[in-house]
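This chain uses plain numbering: 1 for the first residue, then up along the sequence. What you are looking at is a predicted structure, and each value in this text was computed from that prediction instead of being measured.
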Amino acid sequence: MKSLFMLLTVVLALGLQVRPAHAIPLGTLIDTNGEILQGDKRFTNFELSNITISDPLDLTPDDPRDIEIQGFTNLIGEHGLRLVGPFQANSKAPFGSVADLSFFLEYDVSVTDPLFLIHDLRHAFSFTSIGIGSVNLITQAGFPPDVNASIQSVEGFGNNGVVNEDEAFLNDVSSQHMLHVFDFRAETTQPLPGLIVSGAIDVSDIDLTFSQIPIPEPSTWLLLGAGLAGLALWRRHQKSNNH
């Protein structure tokens, strides 16, 4: 009985981290207007823009179109996308050399159940860096994507760590359109005369997962509206009494 319980626990844990049979290059998703369906989330209309590539021989990947994307489900059961790593930038001598890969990734995300809306976005990745090595991730929601902006930046001098999904990266997204700005950068520096230090950043898979909330029923909107109207009348009454 105990062994059966342990087996069921393992199966459940594996089931919460569902990976599809294969990943799809981002370039293919764009060229074919492809979509990814993971659990109750659908991802469509992938786009790339504002691509910057410096010293491609020192970058992995050296073209964002080659990034592979697959559906992913995190340990708390939220569905989303995985950008398959590693993502690496390594600067070489001489002083001032820079290896940099940056790009904008846009897509639409929706819940397959029409009674639910996208709510929070979480992301997770791990990284190690040497010298001036950094990863920057900026996310915006909306169309045009000018609201709910949030940024995550880490950089080096031997730093390493994990950015996990314990806290939402964006709250109350209330939009289907997402824009992510990724920047993987390494720079060679000269902290002391004659001392040249190369930079490097190495980032694991990057997971982007979404929660959802039910669409409020019409009666809920009516109650909320009545409550706000009542609050406004009460405040007006209080002001008149004060005068």
Side-chain angles (χ1 to χ4, degrees), residues 23-31 34 36 38 43-72 74 80-91 98-109 120-156 159-165 167-170 173 175 177-187 199-210:
I24 305 173
L26 182 52
T28 300
L29 284 169
I30 295 171
D31 295 342
I36 292 178
Q38 180 71 9
F43 301 86
T44 58
N45 300 321
F46 290 87
E47 295 182 20
L48 270 174
S49 61
N50 294 70
I51 300 171
T52 299
I53 300 173
S54 177
D55 285 344
L57 294 179
D58 297 322
L59 297 170
T60 304
D62 59 6
D63 185 339
R65 287 178 56 87
D66 296 332
I67 296 172
E68 293 190 327
I69 297 184
Q70 62 186 23
F72 176 78
N74 64 21
L81 298 175
R82 165 165 284 180
L83 280 64
V84 180
F87 300 91
Q88 299 169 328
N90 297 277
S91 66
V98 174
D100 185 41
L101 172 65
S102 64
F103 56 91
F104 288 16
L105 171 62
E106 296 183 63
Y107 56 85
D108 293 331
V109 54
D120 294 336
L121 162 67
R122 303 177 192 276
H123 68 244
F125 60 87
S126 60
F127 67 93
T128 58
S129 60
I130 300 172
I132 300 297
S134 63
V135 52
N136 289 284
L137 171 55
I138 302 172
T139 294
Q140 295 176 306
F143 194 84
D146 56 1
V147 296
N148 294 340
S150 188
I151 182 169
Q152 174 72 51
S153 177
V154 295
E155 66 180 50
N159 196 9
N160 62 80
V162 175
V163 176
N164 60 42
E165 68 271 0
E167 295 183 5
F169 189 52
L170 281 184
V173 172
S175 172
H177 190 78
M178 304 300 302
L179 181 146
H180 306 286
V181 181
F182 294 95
D183 185 22
F184 308 94
R185 180 182 176 90
E187 181 178 352
I201 185 72
D202 188 337
V203 181
S204 68
D205 301 336
I206 299 176
D207 300 328
L208 306 164
T209 53
F210 297 83

Practice task
Give a yes or no answer on whether the side chain of Asp183 reaches the backbone of Val135 with a donor-acceptor pair at less than 3.5 Å.
Solution key: no

Handout entry: Heavy-atom side-chain contact between Leu81 and Gln38 under 4.5 Å
Key = no

Practice task
Fit a plane to each ring of Tyr107 and Phe46, take the angle between them on a 0 to 90° scale, and name the class: parallel (under 30°), tilted (30 to 60°) or perpendicular (over 60°).
Solution key: tilted

Exercise for the section: Please report the closest heavy-atom contact between Asp202 and Pro86, naming both atoms and the distance. Expected result: OD1-CB, 3.8 Å

Completion exercise
side chain to side chain donor-acceptor pair (under 3.5 Å) filter on Asp31, not counting sequence neighbours, yields Arg65

Fill in the blank from the handout: Note: Ala99 and Ala89 closest approach over all heavy atoms is O-CB, 3.8 Å

Exercise for the section: Would you please name every residue forming a side chain to side chain donor-acceptor pair (under 3.5 Å) with Asp63, sequence neighbours left out? Expected result: none

Handout entry: Test item: Phe87 and Ile67 side chains (from C-beta on) under 4.5 Å apart, heavy atoms
Key = yes

Exercise for the section: Can you label the angle between the His180 ring and the Phe182 ring as parallel, tilted or perpendicular, going by 30° and 60°? Expected result: tilted

Handout entry: Non-hydrogen atoms of Leu59 and Ile53 that approach each other most closely
Key = CD1-CG2, 3.8 Å

Exercise for the section: Give the intermediate values and the outcome of side-chain contact (heavy atoms from CB on, under 4.5 Å) for residues Ile69 and Leu29. Expected result: CA-CA 9 Å; Ile69 297 184; Leu29 284 169; 4.3 Å; yes

Handout entry: Reported CG-to-OG1 distance for the pair Leu179 and Thr139, which is rounded to 0.5 angstrom
Key = 8.0 Å

Fill in the blank from the handout: d(Thr60 OG1, Gln88 CD) to nearest 0.5 Å is 4.5 Å

Practice task
Please determine which of Thr209, Leu208, Asp205, Ile206 meets the side-chain contact (heavy atoms from CB on, under 4.5 Å) test together with Arg82.
Solution key: Asp205

Practice task
For the residue pair Phe127 and Phe184, establish whether any side-chain heavy-atom pair is separated by less than 4.5 Å.
Solution key: no

Problem - Leu121 side chain near Val109 side chain, heavy-atom distance below 4.5 Å - result: no

Completion exercise
For Asp120 and Ala168 the tightest heavy-atom approach is CB-CB, 3.9 Å

Problem - Heavy-atom pair with the smallest gap, counting every atom of Ile201 and Arg185 - result: CG2-O, 3.8 Å

Exercise for the section: With the side chain counted from C-beta on, respond yes when Pro64 and Leu105 share a heavy-atom pair under 4.5 Å apart, and no when they do not. Expected result: no

Handout entry: Residue list, side chain to side chain donor-acceptor pair (under 3.5 Å) with Ser204, at least two apart or on another chain
Key = Ser126

Practice task
Quick one: closest heavy-atom pair of Val84 and Ala23, and the distance?
Solution key: CG2-CB, 4.2 Å

Handout entry: Note, Val181 side chain near Asn136 side chain (heavy atom, < 4.5 Å)
Key = no

Exercise for the section: Starting at OG of Ser102, measure out to CG of Asn50 and round the result to the nearest 0.5 Å. Expected result: 8.0 Å

Completion exercise
d(Ile24 CD1, Ile36 CD1) to nearest 0.5 Å is 5.0 Å

Handout entry: Value rounded to 0.5 Å, distance of CG in Leu101 from CG in Asp62
Key = 8.5 Å

